[in-house]
Amino acid sequence: MKFNKCPHCGSTEGVYTKTNLIGIRYNMNFDGSEDYNGEMYDNAEKTIAGKMVYCQSCNKTICRLDTFKLHI
């Protein structure tokens, strides 16, 4: 079985995984407002990839990432 569209909505836009980044520095001002964070992801210490694949259009779960990789 080859994945070429979402089994839920039929979209061919693509898929995404939810990824956790560790060691991100988030800058705030003393009043709680956001300060400049344009480069916040540049120094991520570690990335933990998500285990599930989701449709970019309808956001529904398609399958596990390891299953998806076997069928692309």
Side-chain angles (χ1 to χ4, degrees):
M1 173 174 113
K2 186 167 177 72
F3 289 104
N4 56 13
K5 65 180 180 177
C6 174
H8 305 290
C9 70
S11 172
T12 58
E13 185 174 341
V15 298
Y16 69 91
T17 61
K18 297 178 181 176
T19 303
N20 295 320
L21 298 172
I22 298 172
I24 300 298
R25 178 177 166 162
Y26 180 77
N27 299 311
M28 293 180 9
N29 296 312
F30 283 104
D31 64 1
S33 61
E34 181 180 6
D35 197 1
Y36 176 73
N37 285 299
E39 299 165 354
M40 69 187 292
Y41 300 110
D42 292 350
N43 296 314
E45 295 170 7
K46 185 175 180 182
T47 302
I48 301 173
K51 296 186 187 254
M52 302 303 288
V53 173
Y54 304 89
C55 174
Q56 288 183 14
S57 294
C58 69
N59 296 314
K60 291 185 179 178
T61 305
I62 295 177
C63 64
R64 294 183 56 82
L65 180 58
D66 53 353
T67 302
F68 183 78
K69 286 181 177 180
L70 289 173
H71 299 283
I72 55 174

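All residue numbers refer to positions in the sequence shown, counting from 1.
Between the CD1 atom of Ile22 and the CD atom of Glu45 there is a distance of 8.5 Å, given to the nearest 0.5 Å. For the atom pair NZ of Lys46 and CD1 of Ile24, the computed distance is 13.5 Å after rounding to the nearest 0.5 Å. Atoms CD and CG, on Glu39 and Asn27 in that order, are 10.0 Å from each other to the nearest 0.5 Å.
Of all heavy-atom pairs between Ile62 and Tyr54, the closest is CD1-C, 4.2 Å.
For residues 30-50, no pair satisfies ring-ring contact (aromatic ring centres under 6.0 Å, His included), with sequence neighbours left out.
A donor-acceptor contact shorter than 3.5 Å is absent between the side chain of Asn29 and the backbone of Asp31. With hydrogens and angles ignored, the 3.5 Å screen pairs no side-chain donor or acceptor of Asn37 with any backbone N or O of Tyr26.
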Under 3.5 Å donor-acceptor pairs involving side-chain atoms of residues 13-21, not counting sequence neighbours:
from, atom 1, to, atom 2, distance (Å)
Glu13, OE1, Ser57, OG, 2.9
Tyr16, OH, Asn59, OD1, 3.0

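Side-chain contact between Lys5 and Thr12 is present, with heavy atoms from C-beta onward closer than 4.5 Å. Taking 4.5 Å as the limit, some side-chain heavy atom of Met52 sits within range of a side-chain heavy atom of Arg64.
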